[in-house]
Engineer: 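Below: one structure in structure tokens.
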2 protein chains.
Amino acid sequence: MGVTIKDIAIKLNISKAAVSKALNDKEDISIELKDKVKKTAKEMGYSPNYFAKKLATKKSNTLGVFILGKENLKGEEYYGYKFLDGIIETAVSYAYDILVFSENKNKSYTEIIREKMVEGVIFIGVDSEDKKINSVKDLLLPISIIDFHLKGENISFLSSDSYKGVKSVIDYLTELGHEKIGIIIGGEAEISKRRYFAYKKILESKNLFHKKYVYEGDFTKKSGYEIGKRLFRKKDRPTAIFSVSDLMAIGFIEGVKANGMKIPEDISVVGFDNIGFGYYSNPSLTTVDQNPLEIGQMAVKYIMDVIENKNVNNEILIEPKLIKRKSCKKIK
Amino acid sequence: MGVTIKDIAIKLNISKAAVSKALNDKEDISIELKDKVKKTAKEMGYSPNYFAKKLATKKSNTLGVFILGKENLKGEEYYGYKFLDGIIETAVSYAYDILVFSENKNKSYTEIIREKMVEGVIFIGVDSEDKKINSVKDLLLPISIIDFHLKGENISFLSSDSYKGVKSVIDYLTELGHEKIGIIIGGEAEISKRRYFAYKKILESKNLFHKKYVYEGDFTKKSGYEIGKRLFRKKDRPTAIFSVSDLMAIGFIEGVKANGMKIPEDISVVGFDNIGFGYYSNPSLTTVDQNPLEIGQMAVKYIMDVIENKNVNNEILIEPKLIKRKSCKKIK
DNA sequence: TTGAAAGCGGTACCAT
DNA sequence: ATGGTACCGCTTTCAA
């Protein structure tokens with residue numbers, strides 16, 4: 001099996017070198033020969049042997065993707081796969097292949113990377129306690145890490161831009177006429193704090209921040225529910241609520257409805273994360289999508305830019321997307 | 001960069017051949033030399049060049065995975081990625097690499113497969129209208145296709161076993177004392193029909209089947225809700241409901257609760273699919289997990305079995321797993 | 001513009 | 001048990 005350039009060379013009675021050059025569109029070869037070679041290559045069903053090519057050129061044209069952190073979840077969906085679409089799509093556009101790896105007890109990240117000869121690596125789902133990750137610094141390969149900070153020569157950090165995400169929420173709500181905008185936070189979690197700070201800063205700049213509209217949950221749906229339920233009794237209620245997570249937002253909606261109030265008629269609500277169920281909740285949930293597609297795309301682009309010696313920024317924040325659904329209403 | 005076997009050979013003053021044999025644990029080489037070679041290889045930081053090896057042996061040790069059908073979804077989660085865990089894990093255990101591909105306008109499946117020289121291919125998310133898939137028959141490679149039938153030499157069909165899944169539901173409910181077990185079906189959808197037939201067959205064998213307990217939804221959450229809401233008025237109600245999908249089950253629960261009835265006190269409910277939100281619903285939803293992990297594992301195993309010339313079965317049905325949560329109650 | 005030949009880093013056959 | 005060497009399929013330098 002397998003037609004090789006040698007076969008083509010013999011058939012056309014020319015040299016292997018000429019065939020190779022023709023097939024690779026090199027300059028120093030006549031157009032006529034190029035066409036002839038390409039034509040017969042197609043006729044003969046030629047398909048290049050990538051391993052021979054890679055051996056000769058010492059370029060693997062391959063990126064590695066480590067998909068980690070799946071064992072820490074209980075029943076929840078694994079978020080990490082969402083980046084894969086953007087990664088594959090972009091890699092293909094650069095004619096790169098994607099090799100996927102997972103946790104491996106027997107081999108270190110470095111060993112795997114070296115063995116497979118990838119030209120760049122993307123890490124998804126790195127655990128904050130992961131010590132082994134440090135060793136990849138020595139590789140000097142371009143590396144993109146999603147949602148995890150690691151300082152190093154050609155290492156980038158990618159994440160969605162919390163500030164812009166929150167800003168899009170507040171802008172949207174103010175456009176709809178809301179001025180009393182509450183927030184449901186999630187305790188001390190890093191991610192909750194970041195979103196809360198953005199919220200506070202933005203509202204303060206508009207003189208709309210009020211401590212009394214800050215409600216403290218704990219990232220569970222139940223905590224959102226309780227807040228929604230208690231809301232009924234308050235005399236001074238916000239007209240809109242921004243929940244730092246979709247799950248609490250959905251709990252909140254249920255809690256509010258449990259008292260006979262209506263969403264969005266009585267209060268508008270916006271979540272954050274764009275979990276699958278928000279699409280089906282009642283009403284469907286307006287939320288912020290972290291834009292994992294673009295994060296994946298940029299992870300690849302960073303690596304390509306390093307390979308092509310372009311200037312790069314090691315801190316890449318992606319603008320999240322506001323997904324407008326039915327849980328918000330224009331007032332006034 | 002890159003220590004090669006030649007470097008090792010020079011250092012130890014032996015031949016490349018000896019080094020190669022030692023590193024590959026061949027029989028015809030002394031143990032002493034083996035140890036010595038391995039030791040210095042490690043010292044020198046040797047890492048094999050996989051491309052050279054693959055070129056020489058003509059074995060790629062690589063599997064390709066096509067991840068398809070992502071553009072047909074609106075807001076829902078993409079299910080296909082769930083198979084990836086099992087695929088990667090199993091491939092690693094066979095020392096195979098995984099190359100992932102996606103839709104590609106410019107190249108056919110066959111072209112990609114041939115170019116990348118994979119030894120086997122797994123298809124995820126093949127569209128039922130996909131004509132191009134037929135061409136892969138000519139490849140004669142071992143191919144595993146999840147949830148899609150394609151007849152061919154070394155082509156396997158993998159899916160979860162609907163019958164066993166439904167059986168585990170009914171068995172569980174009868175164990176809990178239920179005899180009036182209703183079902184919410186989803187119209188004419190293939191998947192709904194399969195589950196309904198299993199339900200009917202199993203209940204009939206126990207003389208528990210009654211047409212009046214069959215409720216017709218349409219796979220939307222809303223349809224489940226309506227059924228739940230109407231249930232209140234019926235004089236003869238089932239004590240348990242099996243919904244052919246989680247989404248309808250969750251809608252049903254909401255509908256039932258809207259009338260002040262309680263789950264699972266007034267009626268037990270079981271879903272199917274194990275969507276992420278079932279874990280958070282109130283009460284959390286007992287459901288059937290299709291066991292995508294094992295499907296992924298078996299997809300790889302099939303390919304390996306073909307490669308190793310073992311006997312294989314081209315129709316692989318995986319036993320789903322019943323996930324017991326809080327939406328069912330023992331009666332009597 | 002074309003071709004001969006060396007080399008990429010291994011493997012494997014055949015001698016020794 | 002160890003080594004010499006051809007070869008896997010392609011690229012690339014240098015000469016023609």
Side-chain angles (χ1 to χ4, degrees), chain A residues 1-42 44-62 95 97 111 113-119, chain B residues 1-42 44-62 95 97 114-119:
Chain A
M1 58 151 274
V3 180
T4 70
I5 56 170
K6 191 176 168 190
D7 299 326
I8 301 176
I10 292 174
K11 177 136 189 179
L12 291 177
N13 207 22
I14 55 176
S15 71
K16 277 166 56 182
V19 176
S20 171
K21 283 173 187 169
L23 256 16
N24 288 295
D25 265 323
K26 298 284 181 190
E27 286 306 317
D28 59 345
I29 192 113
S30 68
I31 299 186
E32 300 81 54
L33 189 54
K34 250 183 215 177
D35 291 344
K36 202 159 90 182
V37 170
K38 284 183 184 169
K39 187 160 153 282
T40 50
K42 186 162 242 169
M44 298 176 74
Y46 169 76
S47 180
N49 183 319
Y50 272 61
F51 300 125
K53 183 170 201 155
K54 286 168 180 181
L55 177 59
T57 57
K58 300 184 148 216
K59 256 193 113 299
S60 72
N61 266 68
T62 303
D97 293 328
E111 278 180 286
I113 292 168
R114 249 200 280 267
E115 277 186 5
K116 305 311 178 192
M117 312 186 95
V118 294
E119 292 179 39
Chain B
M1 56 149 276
V3 180
T4 70
I5 55 170
K6 192 176 168 192
D7 299 325
I8 300 176
I10 292 174
K11 178 137 188 178
L12 292 176
N13 207 21
I14 55 175
S15 73
K16 276 168 59 182
V19 176
S20 173
K21 284 174 187 170
L23 257 16
N24 288 297
D25 266 323
K26 298 284 181 189
E27 287 305 317
D28 58 345
I29 192 111
S30 69
I31 300 185
E32 301 81 50
L33 190 54
K34 251 184 215 176
D35 291 344
K36 202 160 88 180
V37 169
K38 283 183 184 167
K39 187 159 153 285
T40 50
K42 188 163 241 170
M44 297 176 74
Y46 169 77
S47 180
N49 183 319
Y50 271 61
F51 300 125
K53 183 170 202 154
K54 287 170 179 181
L55 176 60
T57 57
K58 296 182 153 219
K59 255 194 114 301
S60 72
N61 265 72
T62 303
D97 294 326
R114 247 200 280 266
E115 276 186 7
K116 305 311 179 193
M117 311 186 95
V118 295
E119 292 179 39

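Each chain gets a letter, A, B and so on, in the order the sequences are listed, and its residues count up from 1. Side chains included, hydrogens not; waters and symmetry mates left out as well; all remaining heavy atoms used.
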Engineer: Taking only residues two or more places apart in sequence, or in another chain, which ones meet A/Glu111 in a salt bridge (Lys or Arg N to Asp or Glu O under 4.0 Å)?
Structural biologist: none
Engineer: Using every non-hydrogen atom in the two residues, find where A/Leu23 and A/Ala41 come nearest and quote the distance to one decimal.
Structural biologist: CD1-CB, 4.2 Å
Engineer: Whole angstroms only, please: what is the CG-P distance between A/Leu55 and D/dC7?
Structural biologist: 17 Å
Engineer: Run the side chain to side chain contact (heavy atoms under 4.5 Å, CB included) test against A/Lys39 and tell me which residues pass, sequence neighbours left out.
Structural biologist: A/Glu43
Engineer: List, one per line, each side-chain donor-acceptor pair under 3.5 Å for residues 5-14 of chain A, sequence neighbours excluded.
Structural biologist:
residue, atom, partner, partner atom, Å
A/Asp7, OD2, A/Thr4, N, 2.9
A/Asp7, OD2, A/Thr4, OG1, 3.4

Engineer: Output the single nucleotide from C/dT2, D/dC10, C/dG3 whose closest atom is nearest the side chain of A/Asn49.
Structural biologist: D/dC10
Engineer: Can you tell me the distance, in whole Å, between the CD1 atom of A/Ile8 and the P atom of D/dC10?
Structural biologist: 8 Å
Engineer: What is the distance, rounded to the nearest whole Å, between atom NZ of B/Lys54 and atom P of D/dC10?
Structural biologist: 17 Å
Engineer: Calculate the interatomic distance between B/Asp7 atom CG and C/dG9 atom P; express it in whole Å.
Structural biologist: 8 Å
Engineer: May I have the distance from B/Leu12 (atom CG) to D/dA1 (atom P), rounded to whole angstrom?
Structural biologist: 18 Å
Engineer: Among residues at least two apart in sequence or on other chains, which ones pass side-chain hydrogen bond (donor to acceptor under 3.5 Å, both in side chains) with A/Asp35?
Structural biologist: none
Engineer: Take atom OH of B/Tyr50 and atom C1' of C/dG10, then tell me their distance rounded to the nearest Å.
Structural biologist: 12 Å
Engineer: Rounding to an integer number of Å, can you tell me how far A/Ile10 CD1 sits from D/dC10 P?
Structural biologist: 12 Å
Engineer: Could you pick out which residue, A/Ser47 or B/Asn13, lies toward the 5' side of DNA chain D when each is mapped onto its nearest nucleotide?
Structural biologist: B/Asn13
Engineer: Between B/Lys59 (NZ) and C/dA12 (P), how many Å, whole number?
Structural biologist: 12 Å
Engineer: According to side chain to side chain contact (heavy atoms under 4.5 Å, CB included), who are the partners of A/Ala52, at least two apart in sequence or on a separate chain?
Structural biologist: A/Asn49, B/Leu55
Engineer: Looking at B/Thr4, does any N or O in its side chain come under 4.0 Å of the phosphate oxygens OP1/OP2 on C/dG9?
Structural biologist: no
Engineer: Write out all pairs satisfying salt bridge (charged side-chain N to carboxylate O under 4.0 Å, His left out) with one or both partners inside residues 12-25 of chain A, taking only residues at least two apart or from two chains.
Structural biologist: A/Lys21-A/Asp28, A/Asp25-A/Lys34, A/Asp25-A/Lys38
Engineer: Can you tell which of A/Lys58, A/Arg114, A/Lys59 makes a salt bridge (charged side-chain N to carboxylate O under 4.0 Å, His left out) with A/Glu119?
Structural biologist: A/Lys59
Engineer: List for me each residue that meets salt bridge (Lys or Arg N to Asp or Glu O under 4.0 Å) alongside B/Lys116, sequence neighbours excluded, and say none if there are none.
Structural biologist: A/Asp97
Engineer: Residues from residues 31-40 of chain B sitting under 4.0 Å of DNA chain C, heavy atoms only?
Structural biologist: none
Engineer: At under 4.0 Å between heavy atoms, how does the protein contact nucleotides 11-16 of chain D? Give one character per nucleotide, 5' to 3', with B, S or -.
Structural biologist: BBB---
Engineer: Identify the two heavy atoms, one from B/Ala18 and one from B/Ile29, that lie closest to each other, and give their separation to 0.1 Å.
Structural biologist: O-CD1, 3.7 Å
Engineer: Using the salt bridge (Lys or Arg N to Asp or Glu O under 4.0 Å) criterion, which residues pair with A/Lys36? Sequence neighbours excluded.
Structural biologist: none
Engineer: Return the set of residues passing salt bridge (Lys or Arg N to Asp or Glu O under 4.0 Å) with B/Lys26 (not counting sequence neighbours), or none when no residue passes.
Structural biologist: none
Engineer: Counting any heavy atom closer than 4.0 Å, what does A/Ile29 reach on the DNA or RNA strands: base, sugar-phosphate only, or nothing?
Structural biologist: sugar-phosphate
Engineer: Estimate the overall bend of the helix from C/dT1-D/dA16 to C/dT16-D/dA1 from the end axes over five pairs each, rounded to 10 degrees.
Structural biologist: 40°
